[in-house]
Amino acid sequence: MRKRLLAIVLVLPIISFSQGKEELYYFKNKDSLVGVKNKTGKIIVPAKFRIFAYLKDGDPVEGETILFDGNKKGEKYEKNTWGYVYNRKGTFLYRPFLYDNGPDYFSEGMRRLVKNGKIGFADRNGVIVVDPKHDFASPFNYGYAAFCDGCDWEKTEAEHKAIVGGTWGVMNTQGQTVQPIAGPAENAVEINGKYYPYPFQYNEKEKNILQFFEKQNKKLSDLYYVNVYNKMSDNEKKLFFEIVERPKENFPYYQINTYDYRKKDLGMLYRFTFMASEDGNIFYAAEDFNEQKIPFKTWLENEIKEAGEFQKTHTDNPNRFTN
């Protein structure tokens, strides 16, 4: 089961990123193949996809692109791919990389894609921002992604694969190869035993956005680790906040990701992913893989309530939260 199904749904007012765009809806034909129509019934993408995820006739298209979470009827399987992505006008854009039994997740605003067997990256608007030229690439984490050329997939267990051989490197968000530095300098990022320079740069407004979260670092870290059952030091619990996406067409927000002391993303459940308005004055928390958002204050109150309830029933938890 995909991890995205575990996302907690809160019964709260939610503002969708899709406001202002043409309303599009998935539809099924008599053969249960899926396509997309607009509100007037005009077909944007013909019904030619077999969708295995739960999807009802008339479900709205979320986000900046159209995702078909399945394959075309009768098509030949293309290695390491799953699904199709179109723009909202019905033009085919790319095929996502297969990950966790479905299309790849967005990580730091980018998703892996496959073309002619090579891996690249596309942003939320469907723009290919890193050309597909590597045999494998990991998701972006803390501004970097590891990649390999000349490597191959090897079946190691009943369903799990490992990547073997090849030459490995590290790229930045522009797809440029970055060379490691001599040692663990201040703010350096460790990747596979090597160190790379701090990848982020901010203007004054962006620094102020990050200060909003840094001022609450202790509280947020205590909330995140309240249910971890090995005792952690304050240094181990320290969180890092970085802006990984800036306002763009159809997305008037800054996205702020949270990382642990090793500079590792906190995971795929989006629990500690945040947004700030374009002027930097309003803050939100993202609640699920669709990145729907709720006011930060509401999110924080809910996290504090859940932490208190957890500690009532788990009085032996070593990483206590005190408000």
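Position 1 is the first residue of the sequence, and the numbers go up from there. What you are looking at is a predicted structure, and each value in this text was computed from that prediction instead of being measured.
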- Message: Quick check: do F68 and V34 have side-chain heavy atoms less than 4.5 Å from each other?
- Response: yes

- Item | pair L220-K237: side-chain heavy atoms closer than 4.5 Å | no

- Query: When you check the gap from the basic side-chain N to the acidic O, do K79 and D152 get nearer than 4.0 Å?
  - Reply: yes

- Taking NZ, NE, NH1 and NH2 as the nitrogens, is one of them in K218 or D222 under 4.0 Å from a carboxylate oxygen of the other? yes

- Note on the structure: To the nearest 0.5 Å, atom CZ of F97 lies from atom OG1 of T81 at 10.0 Å

- Message: Could you walk me through whether F212 and F296 satisfy the ring-ring contact (aromatic ring centres under 6.0 Å, His included) test, starting with their C-alpha distance in whole Å, then the side-chain angles of each, then the deciding distance to 0.1 Å, before giving a yes or no?
- Response: CA-CA 11 Å; F212 173 83; F296 179 84; 5.1 Å; yes

- Note on the structure: Closest non-hydrogen atoms of F310 and N227, given as atom of the first, atom of the second and distance, are CZ-CB, 3.4 Å

- What are the two closest non-hydrogen atoms of G126 and T65, and how far apart are they? N-CG2, 3.8 Å

- Message: Between N317 (side chain only) and V226 (backbone N and O only), is there a donor and an acceptor less than 3.5 Å apart?
- Response: yes

- Task: Would you give the length of the straight line joining atom OG1 of T273 to atom CG of N257, rounded to the nearest 0.5 angstrom?
- Result: 5.0 Å

- Query: Regarding R124 and the six-membered ring of F251, is the cationic atom NZ or CZ under 6.0 Å from the ring centre and inside 45° of its axis?
  - Reply: yes

- Cation over ring face, K37 and F27, 6.0 Å, 45°: yes

- Backbone N/O of G143 and side chain of E108: donor-acceptor pair under 3.5 Å: yes

- Is the count of non-hydrogen atoms from other residues, nucleotides or ligands lying under 6.0 Å from D31 atom CG greater than 12? yes

- Under a 4.0 Å N-O cut-off, is there an ion pair linking R262 with D260? yes

- Task: Can you spot which of Y224, F213, F272, F240 makes a side-chain contact (heavy atoms from CB on, under 4.5 Å) with T258?
- Result: F272

- Task: Please examine the side chains of F283 and Y254, heavy atoms only from C-beta on, and report whether any two atoms are closer than 4.5 Å.
- Result: no

- Note on the structure: d(Y144 OH, S138 OG) to nearest 0.5 Å is 13.0 Å

- Answer yes when E204 and K207 have at least one side-chain N-carboxylate O distance shorter than 4.0 Å, and no when they do not. yes

- Task: Assign the ring pair F274 / F241 to parallel, tilted or perpendicular, where the plane angle (0 to 90°) is split at 30° and 60°.
- Result: tilted

- Query: Are V244 and V178 in one and the same hydrophobic cluster, where Ile, Leu, Val, Met, Phe, Trp and Tyr link if side-chain heavy atoms are under 4.5 Å apart?
  - Reply: yes

- Message: Under the criterion side chain to side chain contact (heavy atoms under 4.5 Å, CB included), I'd like the reasoning laid out for I256 against M275: C-alpha separation, chi angles, the key distance, then a yes or no.
- Response: CA-CA 6 Å; I256 300 94; M275 274 74 177; 5.6 Å; no

- So with a 6.0 Å cut-off around OH of Y54, is the heavy-atom count from everything else above 12? no

- Is there side-chain contact between P132 and V114, with heavy atoms separated by less than 4.5 Å? no

- Please lay out, stage by stage, how Y259 and Y142 fare under the test ring-ring contact (aromatic ring centres under 6.0 Å, His included). CA-CA 8 Å; Y259 303 85; Y142 213 77; 4.8 Å; yes

- Do E75 and R50 sit within salt-bridge range, that is, some charged N less than 4.0 Å from a carboxylate O? no

- Task: Drop me the distance from D279's CG to I209's CD1, to the nearest 0.5 angstrom.
- Result: 8.5 Å

- Charged N-O contact under 4.0 Å between K263 and E190: no

- Query: Looking at D59 and K56, does any basic side-chain N land under 4.0 Å from a carboxylate oxygen?
  - Reply: yes

- Is R112 positioned over the aromatic face of Y99, cation under 6.0 angstrom from the ring centre and no more than 45 degrees off axis? yes

- Atom pair CG (N250) and CZ (R88), whose distance is rounded to the nearest 0.5 Å: 8.0 Å

- Message: Taking CD in E249 as the centre, count heavy atoms belonging to other residues, nucleotides or ligands within less than 6.0 Å. Is the count above 12?
- Response: no

- Query: Parallel under 30°, tilted from 30 to 60°, perpendicular over 60°: which one fits the rings of F200 and Y202?
  - Reply: parallel

- Task: Name all residues meeting the side chain to side chain donor-acceptor pair (under 3.5 Å) criterion together with Y196; count only those two or more places apart in sequence or in a different chain, and write none if there are none.
- Result: none

- Message: For F147, run the side-chain contact (heavy atoms from CB on, under 4.5 Å) check against T177, I119, V130, T167 and tell me which one passes.
- Response: T177

- Which distance, rounded to the nearest 0.5 Å, do you find between the CG of N319 and the CD of Q311? 9.5 Å

- Query: Between Y253 and P247, is any pair of side-chain heavy atoms under 4.5 Å apart?
  - Reply: no

